[in-house]
Amino acid sequence: MNPLDPRAEELLTQDALEGLDEAELRELQDLLGDQLDPERDTFARAVAGLDLAHTDPTSELPAHLRERILQEAAPFLREAPAPASIAPPAAPSAPSPGVVVPLPSRPRAALPWVIAAACLVAALVALWVRPPPAPPQIVSVTVTVSVPVPPPPPPAPREARAQLLARGLAPIPWGGTKDPAAQGVEGDVLWDNARQEGYMRFRGLAANDPRKLQYQLWIFDKNQDARHPVDGGVFDVNAEGEVVVPITAKLQVREPTLFAITIEKPGGVVVSSRERLVLAAKVPAG
Amino acid sequence: MACRVRRSWTRRRLRLVLASVRLRPPSSPPGSTQAPPGGPVLHRVASGDRAAINECVARFGGVVWSLCRRLSPTEAEAEDVAQEIFIELWKCAGRYDPEKQSEVAFVAMIARRRLIDRRRRRQRSPEGVPLDEVEPASAAQGELCAEAAIAVKALDELRPEQREILVLSAVQGLSHEEIAEQKKLPLGTVKAHARRALLRVRALLLGTPEEGA
């Protein structure tokens with residue numbers, strides 16, 4: 001391995017320990033060219049060694065997290081076809097003494113022979129009683145059978161979110177406000193602009209009584225007046241633990257800059273007074 | 001802090017004598033480097049094998065969780081990043097090269113990269129964990145994968161100030177700026193110590209002469 005440029009060493013160290021910004025990464029690319037990835041790997045391996053040396057081998061994933069990770073693996077599974085089940089033939093029950101038992105019938109095995117014999121007899125009879133047939137006329141019959149196939153059900157929000165994550169989209173963490181409903185809330189928002197699809201995830205967001213109030217999402221678009229953000233849908237939280245809520249934007253979102261959640265009257269509002277702003281997630285620039 | 005680090009390392013050295021001769025047994029405990037029958041589990045994961053995914057979570061879940069807990073400010077954040085790490089693992093499992101490293105080291109690399117990304121997104125450092133709480137548990141257990149054993153050996157050979165900076169940076173997840181502030185050292189000195197220390201670990205890992213020392 002060739003000695004490294006001191007600046008490259010410095011950047012590679014920083015990359016492995018703290019990460020690089022885009023400009024630094026470009027600089028490293030210029031210094032190392034096609035050796036960038038192999039060299040980054042060697043430094044990353046050194047840090048991985050340190051990490052493993054300080055890893056608690058008795059550590060275990062919490063059961064609920066393990067479940068969630070396995071659920072989110074669904075988009076990556078390619079199910080192997082299940083092997084055909086071959087059941088052993090059922091053993092005939094032993095006859096009771098003194099009872100006449102008929103030989104076991106074998107209708108399936110005999111059926112081809114019966115059909116063949118019937119065909120032969122029919123052919124012989126036809127030859128016997130009828131004049132030689134005219135040259136056969138080929139008739140093509142196309143039968144189209146239309147069987148309605150129900151569309152596959154849409155994936156559950158959690159699974160759909162995992163699929164977006166699998167496409168490399170980065171979730172944006174929620175930031176809380178001083179509103180009581182925001183205390184201790186964590187989670188993020190994931191938005192795929194190309195598909196106009198997204199999901200919000202919350203942990204600790206207070207359950208609401210939908211007869212009294214509801215949560216409403218607003219999506220601020222760079223191309224739209226900030227006084228009129230896109231309505232991202234009204235939703236309720238009625239469960240403890242982690243909740244994943246799909247975003248239902250009422251208009252096309254072109255360049256989202258901020259996702260914000262307010263508390264509104266049941267059914268939501270067209271224009272929010274923003275009296276109770278609960279959470280916000282700012283889309284990183286670039 | 002410096003005294004605590006040194007005291008801690010004196011204890012560790014005694015354990016390392018044992019650790020160096022008690023490497024991981026051939027059974028396959030969590031994070032084992034032993035390739036299971038049927039090839040690396042990561043390759044089977046890449047082919048979309050459900051059983052392999054279960055096996056992967058069972059084998060490496062503990063390692064990933066330990067890293068996430070250590071380098072995340074809250075348990076909720078650790079859970080989020082653990083999920084992201086496994087999704088990343090499902091995506092890039094096919095890139096694993098058994099000639100280069102053990103599977104658990106590959107998983108740790110993916111985890112570390114994701115944790116760094118997460119921290120940069122968060123734009124704030126994780127809360128520091130007292131160093132005594134992040135002793136090399138594997139040394140105490142006497143079971144180390146090859147990469148970890150080499151890293152521990154390299155750490156033991158480092159000059160104390162280099163070792164301290166590397167542990168604060170890599171193990172505790174402090175930024176170089178935070179270390180400089182905490183240790184009252186110029187930022188350039190912190191960076192130089194970190195670089196030399198990591199180069200030493202890397203050189204031992206690659207079996208090459210140290211560069212830039």
Side-chain angles (χ1 to χ4, degrees), chain A residues 1-4 6 9-10 12-21 41-62 64-66 68-70 72-73 75-80 162 165-166 168 170-173 184 186-188 201 203-204 242 284, chain B residues 29-31 47-48 50 53-54 57 61-63 65-67 76-77 79-80 82-84 86-87 90-91 101 104-105 108-109 112-113 116-117 120-122 134 136-139 141 143-145 147-148 150-152 166 169-171 175-176 191 194-195 198-199 201-202 205-206 208 211-212:
Chain A
M1 188 165 288
N2 296 325
L4 289 166
E9 278 181 3
E10 188 182 336
L12 285 163
T13 303
Q14 189 178 329
D15 178 49
L17 292 172
E18 300 189 313
L20 298 176
D21 62 29
D41 264 10
T42 62
F43 279 74
R45 282 174 59 196
V47 175
L50 290 166
D51 278 334
L52 291 170
H54 292 83
T55 294
D56 177 3
T58 62
S59 169
E60 281 185 14
L61 281 174
H64 68 276
L65 179 59
R66 185 177 181 282
R68 211 179 296 150
I69 286 167
L70 290 175
E72 289 183 345
F76 301 91
L77 291 173
R78 278 194 287 276
E79 291 290 357
L165 277 175
I172 309 162
E186 288 182 333
D188 48 51
R201 188 167 60 140
R203 194 182 292 120
E242 190 177 275
Chain B
S47 68
R50 180 188 291 275
I53 281 182
N54 284 333
V57 173
V63 168
W65 183 236
S66 177
L67 272 169
E77 176 106 12
E79 289 191 8
D80 288 350
Q83 287 173 254
E84 287 181 20
F86 275 101
I87 285 178
W90 309 148
K91 281 157 70 176
Q101 63 195 132
V104 70
M109 269 175 60
R112 163 65 69 160
R113 176 58 60 192
I116 287 174
D117 288 348
R120 291 181 75 84
R121 278 210 306 264
R122 205 168 54 231
V134 290
S138 44
Q141 298 271 325
E143 284 188 11
L144 294 170
C145 71
E147 288 90 343
I150 289 170
V152 168
L166 188 58
S169 175
V171 181
S175 70
H176 290 161
K191 287 188 172 185
R195 185 177 76 247
L198 193 58
L199 280 168
V201 179
R202 173 178 170 270
L205 201 63
L206 299 178
T208 58
E211 298 157 11

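Within every chain, numbering begins at 1; the chains are lettered A, B, ... in the order of the sequence lines, protein sequences first and strands thereafter.
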Legend entry - Validation row: A:Arg68, B:Gln83 side chains within 4.5 angstrom (heavy atoms): yes

Side-chain donor-acceptor contact under 3.5 Å, B:His176 with A:Gln14 | no

All heavy atoms of A:Asp51 vs all of B:Ala170, minimum pair found to be OD1-O, 3.8 Å

inquiry  = Is any side-chain heavy atom of A:Arg66 closer than 4.5 Å to one of B:Val57?
reply    = yes

One should read off an interatomic distance between B:Arg202 CZ and A:Leu4 CG, to the nearest 0.5 angstrom, of 5.0 Å

The side-chain contact (heavy atoms from CB on, under 4.5 Å) partner of A:Thr42 among B:Leu206, B:Leu199, B:Leu205 is B:Leu206

Checked B:Val201, B:Asp80, B:Ile150 vs chain A; the most non-hydrogen pairs under 4.5 Å come from B:Asp80

Query raised in the report: Are any non-hydrogen side-chain atoms of A:Pro75 and B:Trp90 less than 4.5 angstrom apart?
Result: no

B:Asp117 meets the side-chain contact (heavy atoms from CB on, under 4.5 Å) criterion, sequence neighbours left out, with B:Arg113

Closest non-hydrogen contact found for A:Ser59 with B:Ser66 is OG-N, 3.4 Å

Note to self: In the structure I gave you, are the side-chain heavy atoms of B:Phe86 and A:Leu65 within less than 4.5 Å of one another anywhere?
What the structure shows: no

Honestly, the part of A:Glu186 sitting under 4.5 Å from a heavy atom of chain B is side chain

When every non-hydrogen atom of B:Ser175 is compared with those of A:Glu18, the smallest separation belongs to CA-OE2, 2.8 Å

Cut-off 4.5 Å, heavy atoms of chain B, and the answer for A:Arg203 is side chain

(message) Test side chain to side chain contact (heavy atoms under 4.5 Å, CB included) on A:Asp41 and B:Gln101; report intermediate values, then the result.
(response) CA-CA 11 Å; A:Asp41 264 10; B:Gln101 63 195 132; 5.5 Å; no

So CD of B:Glu84 and CG of A:Asp188: to nearest 0.5 Å the spacing works out to 7.5 Å

Only one of A:Thr13, A:Val47, A:Leu17 passes side-chain contact (heavy atoms from CB on, under 4.5 Å) with B:Ser169, and that residue is A:Leu17

Here the gap from B:Arg195 atom CZ to A:Phe43 atom CZ, rounded to the nearest 0.5 Å, amounts to 9.5 Å

Note: B:Ile116 and A:Ala16 closest approach over all heavy atoms is CD1-O, 3.3 Å

Are A:Glu9 and B:Leu198 packed together at the side-chain level, in the sense that at least one heavy-atom pair is separated by less than 4.5 angstrom?
no

- Are any non-hydrogen side-chain atoms of B:Val152 and A:Leu50 less than 4.5 angstrom apart? no

Bottom line for B:Lys91: the part with an atom under 4.5 Å from chain A's heavy atoms is both

Residue set satisfying side-chain contact (heavy atoms from CB on, under 4.5 Å) with A:Leu165, at least two apart, ordered chain then number -> A:Arg161, A:Pro171, A:Leu190, B:Ile87

- prompt: Counting N and O atoms only, with roles assigned by atom type, does the side chain of B:Arg120 sit under 3.5 Å from a partner on the main chain of A:Gly19, one being a donor and the other an acceptor?
  reply: yes

Check: B:Leu67 and A:His54 side chains under 4.5 Å, non-hydrogen atoms
no

Most contact-rich option vs chain A, by heavy-atom pairs under 4.5 angstrom, among B:Ser47, B:Ala82, B:Ala105, is B:Ser47

Nearest heavy-atom contact between B:Ala151 and A:Gly49 is CB-C, 3.4 Å

